[in-house]
Asks: 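Input: one structure, supplied below.
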Amino acid sequence: GDSVTQMEGPVTLSEEACLTINCTYTATGYPSLFWYVQYPGEGLQLLLKATKADDKGSNKGFEATYRKETTSFHLEKGSVQVSDSAVYFCALSDRGGGATNKLIFGTGTLLAVQP
Amino acid sequence: KAGVTQTPRYLIKTRGQQVTLSCSPISGHRSVSWYQQTPGQGLQFLFEYFSETQRNKGNFPGRFSGRQFSNSRSEMNVSTLELGDSALYLCASSFQGGGQETQYFGPGTRLLVL
């Protein structure tokens, strides 16, 4: 079945460092890909998404490109801030047929940014 | 526009009891999905409702059930609670479902089973 694999955490960085969180997927169809972020004690917030190959999603300085050839959707940011400390989830949704809204999540990566 | 709301936010129950959680989607959204989040299993899909019909179901026992009302509000019920049901239960809504749509999540209900 469909699955998402993302790098283990925690990832600890100093403020203004570069961030990459790796995410790869396995899917039989043509999924949409998402990055969600979860701050302590809260639900999930959509960070960015891409719905087809070569699309780049971006938001708040974060970027990720849908790479069909490598089945990847790595999250990147050029300069992290303390406020970026959170758990990041990569997820896919089967776009085929449109009759489902099931998200499949990776295990999450904890990011800790130190001042 | 108000976001997804979930009630209650916290709940403590004992084994064998049952529990009902409520979710109010964003106004105009007709699809509501439920997810369970635990440290061991991560985020897992429970079920999705659209227009009062269950459209998709995850791999959970029959003790987990749900329903959706005509105003798109949804409830999920867990009967005969087990210790392993302790989790954060997240509800998400979208306009009409479909893989390309963004799902908007509520803050969750944290259930502790003693």
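Within every chain, numbering begins at 1; the chains are lettered A, B, ... in the order of the sequence lines, protein sequences first and strands thereafter.
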Asks: Using a heavy-atom distance cut-off of less than 4.5 Å, which residues of residues 36-45 of chain A contact chain B?
Replies: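 Checking residues 36-45 of chain A against chain B gives Tyr36(A), Gln38(A), Gly41(A), Glu42(A), Gly43(A), Leu44(A).
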Asks: Could you tell me which portion of Leu43(B) (side chain, backbone, both or neither) has an atom closer than 4.5 angstrom to a non-hydrogen atom of chain A?
Replies: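 Its backbone and side chain both get close to chain A.
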Asks: Assess whether atom CG of Asn59(B) is packed by more than 12 heavy atoms of other residues, nucleotides or ligands within 6.0 Å.
Replies: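 Not more than 12 within 6.0 Å, no.
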Asks: With a 4.5 angstrom heavy-atom cut-off, could you sort out which part of Arg9(B) is near chain A: side chain, backbone, both or neither?
Replies: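 It is the side chain, since no backbone atom gets that close.
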Asks: Under 4.5 Å between side-chain heavy atoms, counting indirect links through other Ile/Leu/Val/Met/Phe/Trp/Tyr residues: same cluster for Tyr35(B) and Leu46(A) or not?
Replies: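 Yes, same cluster.
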Asks: CZ/Phe45(B) to CD1/Ile104(A) distance, rounded to the nearest 0.5 angstrom?
Replies: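 Between atom CZ of Phe45(B) and atom CD1 of Ile104(A) there are 9.5 Å.
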Asks: For chain B, find its close neighbours in residues 10-19 of chain A: heavy-atom separation under 4.5 Å, sorted by number, or none.
Replies: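 The residues closer than 4.5 Å to chain B amount to none at all.
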Asks: Do other residues, nucleotides or ligands put more than 12 heavy atoms under 6.0 Å from the CD atom of Glu8(A)?
Replies: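 It does not: Glu8(A) CD has 12 such atoms or fewer within range.
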Asks: With the 4.5 Å side-chain cut-off for hydrophobic clustering, are Met7(A) and Leu33(A) part of the same group?
Replies: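 Yes, because Met7(A) and Leu33(A) connect within a single hydrophobic cluster, where side-chain heavy atoms sit under 4.5 Å apart.
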Asks: Is there a chain of hydrophobic side chains (I, L, V, M, F, W, Y, each step under 4.5 Å between heavy atoms) that links Leu88(B) to Leu110(A)?
Replies: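 Yes, it is one cluster - the side chains of Leu88(B) and Leu110(A) are joined through contacts under 4.5 Å.
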Asks: How far does CD of Glu101(B) sit from NZ of Lys49(A), to the nearest 0.5 angstrom?
Replies: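 It is 7.5 Å, given to the nearest 0.5 Å.
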Asks: Evaluate whether atom CZ of Phe105(A) has more than 12 neighbouring non-hydrogen atoms of other residues, nucleotides or ligands under 6.0 angstrom away.
Replies: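 Check passes, neighbour count above 12.
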Asks: Restricting to non-hydrogen atoms, name the atom on Thr102(B) and the atom on Phe34(A) that form the minimum distance, rounded to 0.1 Å.
Replies: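 Of all heavy-atom pairs spanning Thr102(B) and Phe34(A), the closest is CA-CE2, 4.3 Å.
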Asks: More than 12 non-hydrogen atoms from neighbouring residues, nucleotides or ligands closer than 6.0 Å to CZ on Arg63(B), yes or no?
Replies: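 Check passes, neighbour count above 12.
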Asks: Given heavy-atom pairs under 4.5 angstrom as the criterion, report whether the side chain, backbone, both or neither of Gln41(B) touches chain A.
Replies: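 Gln41(B) has no heavy atom closer than 4.5 Å to chain A.
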Asks: Trp34(B): which other cluster members, linking ILVMFWY side chains closer than 4.5 Å, directly or transitively?
Replies: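 Leu11(B), Val19(B), Leu21(B), Val32(B), Leu46(B), Phe47(B), Tyr49(B), Phe60(B), Phe64(B), Met76(B), Val78(B), Leu81(B), Leu83(B), Tyr89(B), Leu111(B), Val113(B), all in the cluster of Trp34(B).
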Asks: Sequence neighbours left out, what pairs pass ring pair (Phe, Tyr, Trp, His ring centres under 6.0 Å) with at least one residue falling in residues 45-65 of chain A?
Replies: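 For residues 45-65 of chain A, and leaving out neighbouring residues, the ring pair (Phe, Tyr, Trp, His ring centres under 6.0 Å) pairs sorted by first residue read Phe62(A)-Tyr88(A).
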